[in-house]
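Below is one structure, written out as structure tokens; comments come after it.
Please read all numbers here as calculations on a predicted model, not as lab measurements. Every chain is numbered from 1 and lettered A, B, ... according to where its sequence line falls, protein lines coming before strand lines.
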Amino acid sequence: MKLIELKNVTKVFDDGRKKIEALKETNFSVEEGEFVSIIGPSGSGKSTFLTIIGGLQTPTEGKVFINDDKFSELQEKKRAAKRFEEIGFILQASNLIPFLTVKDQLQLVNKINKTKFDKKDVESLLEELSINDLMDKYPSDLSGGERQRAAIARALYHDPSVILADEPTASLDTDRAFEVVEILGRETKKKNKATIMVTHDERLTEYCDTVYVMEDGVLSKK
Amino acid sequence: MFLAWREINYSKTRFALIIGVVVLVSYLVFFLTGLAYGLAQENRTSVDKWDATGIVLADESNLNINMSMFPKDLMDDVEATETASLGVTSSVVQLVEETDDDSKVNVTFFGISDEEFIFPDVIEGEAFNGDNEVIADISLKEEEGYELNDELSLAGMDSTITIVGFTEDSKFNVSPVLYTDHETYQHIRASGFGEREDEIISAIVVQSDNGDLSGIELDSDDLELYGIDEFITNLPGYNAQVLTFGLMIGFLVLIAAMIIGIFIYVLTLQKSSILGVMKAQGISSKYIGKSVIGQTLLLTLFGVLTGLTLTLITGILLPNAVPYMNNFLFLISITILLIVVALLGAFFSVRTVVKIDPLEAIS
């Protein structure tokens, strides 16, 4: 089943004098359980592409479907609610809130969608990522690798259908980077997520099912 | 509240400092209110004590009781449920055995009749009963150490007066009141104005059943009837004091609220990138905004209540000479006002939260 689908999507930035085509017409989809990576030089439009899928900006033309829903056509508030429900973000500098412990990062999700906090769920998730002994630590007490694993835990916790990772290994050394990407791939398969990872490091793509290259707004399969 | 409380818990020092500022500012506001109220009360407690509806003064006195004088027999021209004659004059008293300037006390004499309704309740000793006996305000005991049967000399008079009783809450124009009979009052007053044949009084205090001036009839061109509130407002210096303090307190409340608002605003700006990430994850502005409001509420509530407690403790510890007085209605209203205005300030921060673009935060 296609969890992410883009149909004839373009993105044009118009500053009044000049039109810049950041994303040329693109058709693209990711199946459940598929781990996709997008590589390309900086400024090639990778991040624009990812933020369009994440609904942080809307395409100039075309449609984005998340889990069969016309995501890009929703109103901003509904899109935010949908994003909270369906998409897990993992960002370069980690998406963790500095004043919450690892456990509280996850509990925040329960507070927002008004569900019950289940300590056992949290423990088993953190165990999978081998950070269960860091439950009561603040992000500033964690190493870079541990922080990204906590970020993965946060992204997976509310059971979204899509995981979007923007340079998740940028602040890590090679060993840690491979470790994080491997975990990401493993969880994608195990939990049947559709995962997109944007990276500039080609070596990390060995865990990915499909690799795309982005160059000057044109996306092509490698 | 989850986020609000967790953040306070994480940055304890930072929030302790903010709360500290709130405590100090609200302490200042509360304390000043107590002082202003206490001072205002010292102008008027003896008047409030009458529980009167109105007061009749000489027509040309311009509401100034010190300038009002007329013969006592004009009382026949006033028709009300209760009437009471009142003579007012200020003087300086001193214990007879003392001679130095420091021991002199400014007082106000009220010449009254023991059959009329403004006669005070005696809480210690007994009522005056004859020449040169007075009932004194209890503050003379508490602040000056005067006792029953103490003899006092008066400025410009050869004879002395004796304290035979004490009453409470009797201050007029920030000085303690000494109650005496009309005869003694005439002597004291004559020392300043010269002896006259008629018995002279300053005012007629009136009370009507319906609490309304319409129930009172006045049949004299030389007299004028005023409502008791109007009389109080026109006590010399009273209105100026109340307005000055009122304005100061009003501005302080505004400043306190702005300080809290600015703190919250700066805190919000500082973490706007974190808030952006949260918004990128789909956490609504509403949730984040609620947390900002909740945090403001926690900070203000905690700060203001601590300030209030400190004020109450200070009020207990202050010496009697300081005109401090609690008015719980004022304290509660100011507490609510501070919290409400601080929350209004927090809404500016909420606007900032709404405006944060998650796209900028993550790119």
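- Side-chain contact between A:Ser140 and B:Tyr10 is present, with at least one heavy-atom pair separated by less than 4.5 Å.
- With a threshold of 4.5 angstrom between heavy atoms, A:Arg79 does not approach chain B through any atom at all.
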B:Gln281 and A:Arg154: side-chain contact (heavy atoms from CB on, under 4.5 Å), yes or no, with the steps?
CA-CA 10 Å; B:Gln281 291 174 350; A:Arg154 165 65 184 83; 3.0 Å; yes

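- Counting non-hydrogen atoms of neighbouring residues, nucleotides and ligands closer than 6.0 angstrom, the NZ atom of A:Lys191 exceeds 12 such neighbours.
- The distance from the CD1 atom of A:Ile97 to the CD1 atom of B:Ile283 is 5.5 Å, given to the nearest 0.5 Å.
- Side-chain contact between A:Asn110 and B:Phe2 is absent, with no heavy atoms from C-beta onward closer than 4.5 Å.
- Interface residue A:Gln107: backbone and side-chain heavy atoms are both found under 4.5 Å from chain B.
- Between A:Lys111 atom NZ and B:Met1 atom CE the span is 12.0 Å, to the nearest 0.5 Å.
- For B:Lys49, the NZ atom counts as densely surrounded, since its 6.0 Å shell holds more than 12 non-hydrogen atoms of other residues, nucleotides or ligands.
- Both the backbone and the side chain of A:Pro98 have a heavy atom closer than 4.5 Å to some heavy atom of chain B.
- Interface residue B:Leu3: backbone and side-chain heavy atoms are both found under 4.5 Å from chain A.
- Counting non-hydrogen atoms of neighbouring residues, nucleotides and ligands closer than 6.0 angstrom, the NZ atom of B:Lys286 reaches no more than 12 such neighbours.
- Ranked by non-hydrogen atom pairs under 4.5 Å with chain B, the options A:Ala81, A:Ala80, A:Pro160 are led by A:Ala80.
- Annotation for A:Phe65: atom CZ counts as buried by contact number, over 12 foreign heavy atoms lying within 6.0 Å.
- The neighbour count for B:Met325 CE, taken as heavy atoms of other residues, nucleotides or ligands under 6.0 Å away, is above 12.
- We find the OG-CD distance between B:Ser285 and A:Glu76 to be 8.5 Å, quoted to the nearest 0.5 Å.
- Atom CZ of B:Phe302 has 12 or fewer neighbouring heavy atoms from other residues, nucleotides or ligands inside a 6.0 Å radius.
- The CE atom of B:Met278 lies 6.0 Å from the CD1 atom of A:Ile112; values are rounded to the nearest 0.5 Å.
- For A:Leu100, the part lying near chain B is the side chain, with the backbone staying farther off; criterion is any non-hydrogen pair under 4.5 Å.
- In this structure, chain A has a heavy atom under 4.5 Å from the side chain of B:Ile274, while its backbone stays farther away.
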Just do the side-chain contact (heavy atoms from CB on, under 4.5 Å) check on A:Phe89 and B:Val277 with the steps written out, would you?
CA-CA 9 Å; A:Phe89 275 101; B:Val277 169; over 6 Å; no

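- The number of heavy-atom neighbours closer than 6.0 Å to CD of A:Glu61, taken from other residues, nucleotides and ligands shown, is 12 or below.
- Proximity to chain A (any heavy atom under 4.5 Å) is restricted, for B:Lys279, to the backbone atoms N, CA, C and O.
- Crowding of A:Glu215 atom CD: a count of heavy atoms from other residues, nucleotides or ligands under 6.0 Å not exceeding 12.
- Formation of a donor-acceptor pair under 3.5 Å by the A:Arg83 side chain with backbone atoms of B:Ala280 is found in this model.
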